[in-house]
Engineer: 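Structure below; questions to follow.
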Amino acid sequence: MVARELLGTVLEYTTPAGRVAGRIVETEAYLGPHDPASHSAAGLTPRTRWLFGRPGTAYVYFIYGRYWCFNAVTQPVGVGSAVLVRALEPIDGLARMRRRRPLARRDRDLTNGPGKLCAALGLDGSLNGHLLSRAPLVIRRGDEIPDARVVVTPRIGLTKAAEWPHRYFVRDNPYVSPTPVAFPRVAYG
DNA sequence: CATTTGATGTTCT
DNA sequence: GAACATCAAATGC
């Protein structure tokens, strides 16, 4: 599963304002049209245009009237499958992240949620459709995370398919978003 | 620490 | 008109 493979890779955004980067420590897989929780379940709409694009495309959407969420498309054109990046461990540009997230009290609060990390990095809808193999926004190889350090749970915040176990995170990493207490946690593999 | 609640506006029905 | 892949503040331990 690509969502698991993305753990440990580095998301890096370079603009005239500077460079910000973080290690991906939490992801969620959204499958194709047969996944009721995926935006692709509703078919092709103006919003989901880039979700149905080629693998490695950025799919960025606006939610709850305030926040952007960043995804990487993972399946061939027309399928509509993507991985939501839910948390980063900051690597570079910490000062810029703090300026963009003035309400974050602790550094771990800068990027431990999908809306938070987009705000910290400055990601928004202008990046929709961008290919992640090229500047200014790239995902590059980082640390390999052993299977023994990967935990699987249901996805957060869903009403449909709420029990499907497609959330992955790095065990004991302080930058992972809080796991709801009632969630089952399963070792990967 | 855990749980609850209000804010916010786009998207699709 | 309802739903929504969220967040932060407030509350009760």
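What you see is a predicted model; the values in this text were computed from it and never measured. Basis for what follows: all heavy atoms, side chains included, without hydrogens, waters or symmetry-related copies. Every chain is numbered from 1, with letters handed out A, B, ... down the list of sequences.
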Engineer: Look at all strands and tell whether Asp109(A) reaches a base, only sugar-phosphate, or nothing, counting heavy atoms closer than 4.0 Å.
Structural biologist: nothing
Engineer: Nearest to the side chain of Lys116(A), heavy atoms from C-beta on, is which of dC12(B), dC7(C), dT10(B)?
Structural biologist: dC7(C)
Engineer: Rounded to the nearest Å, what distance is computed from the CG atom of residue Asp124(A) to the C1' atom of nucleotide dT10(B)?
Structural biologist: 15 Å
Engineer: How many whole angstroms separate atom CG of Leu117(A) from atom C1' of dC7(C)?
Structural biologist: 13 Å
Engineer: Tell me whether the side-chain N/O atoms of Lys160(A) come closer than 4.0 Å to OP1 or OP2 in dA3(C).
Structural biologist: no
Engineer: Among all residues two or more places apart in sequence or in another chain, which pass the side-chain hydrogen bond (donor to acceptor under 3.5 Å, both in side chains) test with Arg167(A)?
Structural biologist: Glu26(A), Thr153(A), Thr179(A)
Engineer: Could you state the atom-to-atom distance from CH2 of Trp68(A) to C1' of dG9(B) in whole Å?
Structural biologist: 11 Å
Engineer: Between Arg101(A) and dA8(C), is there a contact of a side-chain N or O with OP1 or OP2 at under 4.0 Å?
Structural biologist: yes
Engineer: Check whether any side-chain nitrogen or oxygen of Arg86(A) sits under 4.0 Å from OP1 or OP2 of dT6(C), and answer yes or no.
Structural biologist: yes
Engineer: Starting at CG of Leu6(A) and ending at C1' of dA5(C), how long is that distance when rounded to a whole Å?
Structural biologist: 16 Å
Engineer: What's the separation between atom CD in Glu5(A) and atom OG1 in Thr27(A), rounded to the nearest 0.5 Å?
Structural biologist: 10.0 Å
Engineer: Is any side-chain nitrogen or oxygen of Thr45(A) closer than 4.0 Å to OP1 or OP2 of dT11(B)?
Structural biologist: no
Engineer: Atom CG of Leu44(A) and atom P of dT11(B): how far apart are they, to the nearest Å?
Structural biologist: 14 Å
Engineer: Name the residue closer to the 5' end of DNA chain C, choosing between Leu84(A) and Ala104(A) according to the nucleotide with the nearest heavy atom.
Structural biologist: Leu84(A)
Engineer: Planes under 30° and centres closer than 5.5 Å, is that true for Tyr67(A) with the base of dT6(C)?
Structural biologist: no
Engineer: Could you state the atom-to-atom distance from CZ of Phe62(A) to P of dA7(B) in whole Å?
Structural biologist: 17 Å
Engineer: Please state how far atom CG in Leu110(A) lies from atom P in dC7(C), giving the value in whole angstrom units.
Structural biologist: 13 Å
Engineer: Which part of the nucleic acid, if any, lies within reach of Arg155(A) when heavy atoms closer than 4.0 Å are counted: base, sugar-phosphate only, or nothing?
Structural biologist: nothing
Engineer: Taking the six-membered ring for Trp, are His39(A) and Tyr61(A) closer than 6.0 Å centroid to centroid?
Structural biologist: yes
Engineer: Between Tyr30(A) and Arg155(A), is there a cation-pi geometry (under 6.0 Å to ring centre, at most 45° from the normal)?
Structural biologist: yes
Engineer: Does atom CD of Glu144(A) have more than 12 heavy-atom neighbours, drawn from other residues, nucleotides or ligands, at distances under 6.0 Å?
Structural biologist: no
Engineer: Output the rounded distance in Å from CZ (Arg108(A)) to C1' (dA8(C)).
Structural biologist: 15 Å
Engineer: Between Pro55(A) and Thr74(A), is any pair of side-chain heavy atoms under 4.5 Å apart?
Structural biologist: no
Engineer: Do Tyr61(A) and dA5(C) share a donor-acceptor pair, side chain to base, under 3.5 Å?
Structural biologist: yes
Engineer: Does the gap between the ring centers of Trp68(A) and Phe62(A) come in under 6.0 Å?
Structural biologist: yes
Engineer: Which nucleotide in the set dT3(B), dC7(C), dT6(C) lies at the smallest distance from any side-chain heavy atom of Val181(A)?
Structural biologist: dT3(B)
Engineer: From dT8(B), dC7(C), dC12(B), pick the nucleotide closest to the side chain of Pro46(A)?
Structural biologist: dC12(B)
Engineer: When you measure from the centre of the six-membered ring of Tyr188(A), is the NZ or CZ of Arg4(A) under 6.0 Å away and within 45° of the axis?
Structural biologist: yes
Engineer: Only stems of 3 or more consecutive Watson-Crick or G-U pairs count here, both distances under 3.5 Å; name the ones for DNA chain B, or none.
Structural biologist: B:1-7 with C:6-12, B:9-12 with C:1-4
